[in-house]
Amino acid sequence: MPIHNSDVANIFNQVADLLDIEGANIFRIRAYRDAARTVKGLSKRVEDMVKEKEDLQELPGIGKDLAKKIEEIVETGSLEFLEEIKKRTNPELAKMLSISGLGPKKVSKINKELEVENLEQLQEAAEKHKIQELEGFGKKSEEKILKALKTKKEEAPRSKLISAEEIAEPLFEYLEDDENVDKIAFAGSYRRHKETVGDLDILVTSENPKEVMEHFTSYEDVENIQAKGKTKSTVILRSGFQVDLRVVEKESYGAALLYFTGSKAHNIKLRNLALDIDLKINEYGVFKNDDDKIAGKTEEEIYDIFDMPYIEPELREDRGEVEAAREGNLPDLITPDDIKGDLQAHSTHSDGRNSLQEMVKAAKERGYEYFAITDHSQSVRVANGLDEKRLGKEIDEIDKMNEKIDGIQILKSCEVDILKDGSLDLDDSILKELDFVLCAIHSYFDLSAEDQTRRILKAMDNKYFNILAHPTGRKIGERKPYDFDMEKIMEAAKERNCILEIDAHPVRLDINDHYAKMSKDMGVKISISTDAHAKNELAYMKYGVWQARRGWLEKDDVINTRKWKELEKIFKR
DNA sequence: GCCGTTTTCGGCCCGACTGTTTTCAGTCG
């Protein structure tokens with residue numbers, strides 16, 4: 001059975017939860033959580049690292065003990081230490097930690113004094129008003145627990161960035177309209193353009209924080225006010241989204257923005273740097289001798305104290321950006337304006353909702369120099385895929401359009417299916433007529449990692465193979481990536497001058513930020529394309545660029561920032 | 001449990017809000 005990085009992370013998080021309830025040393029618990037996060041965020045498979053006898057202790061936050069535990073998990077699929085804790089402490093108790101307002105101390109107390117072992121018994125105890133009798137609890141705590149139990153089932157998991165955007169933008173406008181609001185900005189993972197967003201963080205400067213809070217909590221979409229203070233409020237919107245609003249004075253704007261943008265790991269890194277030189281950072285500024293404020297108005301000013309240039313929010317994940325900044329090696333990140341054309345889009349010839357002409361017109365309006373039509377090939381029957389004959393007709397149609405149209409070049413392409421055995425779905429005789437060939441997997445997602453890797457490698461052997469589209473096949477919140485060896489695919493791509501795609505569709509965002517960084521480290525070029533099935537979806541490009549930025553990509557790492565003449569050379573592999 | 005151009009022991013980010021207290025612990029981000 002393959003052991004995924006997320007399996008290791010889950011085991012470590014379970015250990016942390018249970019140790020927490022047992023009241024273990026908080027820093028020991030943190031070590032497990034940090035390790036879980038490190039392993040989950042690796043672009044390499046920890047299973048492969050163990051097999052190749054790589055030194056796990058090189059990883060941040062992994063020492064002798066945790067390295068050994070990772071090896072044990074990889075080799076046996078489980079961790080004896082976790083099983084031991086489970087004998088002492090009921091693992092069901094960990095589920096109670098997900099109840100808002102219940103932490104390890106309270107769970108432990110409820111467990112010990114009321115003999116509550118699971119969520120059902122918790123509900124029963126609350127309904128019988130046993131909870132409010134406990135010391136440290138009261139009526140309100142009990143009501144809160146009951147309410148949380150009720151909504152738990154419909155609790156929203158992290159939302160896709162695009163869904164968050166739909167909620168965030170109108171709220172932003174509403175707040176902006178308040179005359180008491182001076183500066184306003186998003187912070188948190190939304191500002192870091194993470195592919196999923198847990199809650200929204202908004203930062204405001206104002207002379208009248210009380211009025212701002214009043215305005216915020218009376219927003220028409222607010223369903224529930226979780227907390228309302230002078231400087232901080234939390235609400236739940238009808239959509240289930242949690243929104244945190246913080247108000248600070250303008251002298252602290254930079255420090256607060258830095259702090260609330262996170263990531264948490266990035267912040268901790270900076271704070272530790274500060275401690276090294278006897279400074280203290282909090283959301284109000286950078287302080288010397290405890291109360292002597294030396295920075296805080298802008299983020300730039302704060303980074304400057306540590307001799308660092310401004311670090312873009314997308315990079316703030318503690319993946320080496322602080323070190324890179326200090327060494328002057330930060331990437332000059334790609335921007336949406338660098339994109340010269342879209343290399344994946346569909347028309348009504350296969351499963352698109354707009355005609356070829358409509359798609360091309362929309363691409364031209366976006367100011368692109370070139371635009372590829374990549375309708376599906378024949379074996380994707382549900383998408384009305386093209387056979388050689390129909391693709392031939394589309395090629396003729398595009399040739400005629402190119403003769404007539406000015407200012408944009410329409411590229412002839414096709415999203416060719418990679419069949420189960422690794423052969424391509426269309427004959428070479430037609431592939432050679434195309435400007436480039438996009439290849440993708442749309443079937444047999446559950447092959448073993450070995451077979452799936454072999455399948456893709458074989459497809460890449462075809463000299464007309466240019467771009468591997470949505471390489472992992474994952475759909476956020478819907479479908480896991482198929483199992484294969486990404487490192488081998490990247491090595492092969494580099495060897496054969498093949499390109500990996502960042503599919504910018506907000507549901508796909510495939511490859512993800514970790515793999516994007518890995519491709520950069522390995523010297524594999526990337527294309528960013530929208531996979532648009534309608535003309536309005538050409539606007540998805542920004543999500544792909546944001547993902548690329550999170551993967552440290554610069555203009556030069558992405559092929560469709562180049563002119564067609566240069567691109568043409570790349571495609572002749 | 002991890003980590004170290006002051007340390008192999010003794011630290012480990014920091015502050016707001018809530019609910020319960022009556023000065024604070026617990027939780028959260």
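Labels below follow one simple rule: chain letters A, B, ... track the order of the sequence lines, proteins then strands, and each chain is numbered from 1. Computation of the quantities below employed the complete heavy-atom set of this structure, encompassing side-chain atoms and omitting hydrogens, waters and symmetry-equivalent molecules. Remember, it's a predicted structure, so these values are computed and weren't measured experimentally.
- Remark: C1' of B:dG26 and CD1 of A:Ile99 are 16 Å apart, rounded to the nearest angstrom.
- No hydrogens or angles considered: a donor-acceptor pair under 3.5 Å links the side chains of A:Asn90 and A:Glu117.
- A straight line from CZ of A:Phe260 to P of B:dC13 spans 17 Å, rounded to a whole angstrom.
- Set against B:dG19, B:dA16, B:dC14, the side chain of A:Lys280 has B:dC14 as its closest nucleotide.
- Taking atom CG of A:Leu245 as the reference point, atom C1' of B:dA16 lies 13 Å away to the nearest angstrom.
- Rounded to an integer number of Å, the gap from A:Lys109 NZ to B:dT20 C1' is 12 Å.
- Position along DNA chain B of the nearest nucleotide to A:Gly101 versus A:Lys69 favours A:Lys69 as the more 5'-ward residue.
- Counting non-hydrogen atoms under 4.0 angstrom, A:Leu270 reaches nothing in the nucleic acid.
- Taking only side-chain atoms of A:Gln242, from C-beta outward, the nucleotide of B:dA16, B:dG29, B:dC14 with the closest atom is B:dG29.
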Decide side-chain contact (heavy atoms from CB on, under 4.5 Å) for A:Arg191 and A:Arg316; before the verdict, give the C-alpha distance in whole Å, the side-chain angles of both, and the deciding distance to 0.1 Å.
CA-CA 10 Å; A:Arg191 180 171 181 233; A:Arg316 300 183 195 170; 3.5 Å; yes
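- Taking atom P in both B:dT20 and B:dT7, one finds a spacing of 49 Å when rounded to whole Å.
- Against the 90° criterion about 0, the sugar-base torsion of B:dT20 places it in the anti range.
- Using P as the reference atom, B:dG15 and B:dT6 are 25 Å apart when rounded to the nearest Å.
- Counting only residues at least two apart or in different chains, side chain to side chain donor-acceptor pair (under 3.5 Å) contacts with residues 70-80 of chain A are absent.
- Here the nucleotide nearest the side chain of A:Ile268, chosen from B:dG1, B:dC13, B:dA16, is B:dC13.
- Across all strands, A:Asp34 comes closer than 4.0 Å to no nucleic acid atom at all (heavy-atom distances).
- When each of B:dC17, B:dG19, B:dT27 is scored by its nearest atom to the side-chain atoms of A:Lys105, the top-ranked nucleotide is B:dT27.
- Ranking B:dG29, B:dC14, B:dG15 by closeness to the A:Tyr284 side chain, first place goes to B:dG15.
- Considering only side-chain atoms of A:Thr231, the nucleotide from B:dG26, B:dC17, B:dG1 that sits closest is B:dC17.
- Among the atoms of the strands shown, base atoms are found under 4.0 Å from some heavy atom of A:Tyr259.
- At least one side-chain nitrogen or oxygen of A:Lys140 sits closer than 4.0 Å to the OP1 or OP2 atom of B:dG19.
- Here B:dT8 sits opposite no nucleotide as a Watson-Crick or G-U wobble pair (both hydrogen-bonding atom distances under 3.5 Å).
- Considering only the side chain of A:Leu66, B:dG1 comes nearest among B:dT18, B:dC14, B:dG1.
- Counting only N and O atoms by type, the side chains of A:Asp510 and A:Thr472 include a donor and acceptor under 3.5 Å apart.
- For the pair A:Val197 and A:Leu200, the tightest heavy-atom approach, listed with the atom from each and the gap, is CG1-CD2, 4.4 Å.
- Closest contact between the side chain of A:Asn282 and the listed nucleotides B:dT27, B:dC12, B:dG15 involves B:dG15.
- Residue A:Ser141 places at least one side-chain N or O closer than 4.0 Å to OP1 or OP2 of B:dT20.
- Of the options A:Glu195, A:Glu314, A:His193, A:Glu317, a side-chain hydrogen bond (donor to acceptor under 3.5 Å, both in side chains) to A:Arg550 is made by A:Glu317 and by none of the others.
- Nearest to the side chain of A:Ala227, among B:dA16, B:dT18, B:dG1, sits B:dT18.
- Here B:dC17 presents its C1' atom at 15 Å from CG of A:Asp201, a figure rounded to the nearest Å.
- Side-chain proximity of A:Lys264 to the nucleotides B:dC13, B:dG1, B:dG15 is greatest for B:dC13.
- Among the protein residues, A:Glu135 comes within range of no part of the nucleic acid, since none of its heavy atoms lies under 4.0 Å from any strand.
- Nucleic acid contact class of A:Ile29 (heavy atoms, under 4.0 Å, all strands): none.
- Atom CG of residue A:Leu333 and atom CH2 of residue A:Trp552 lie 9.0 Å apart, to the nearest 0.5 angstrom.
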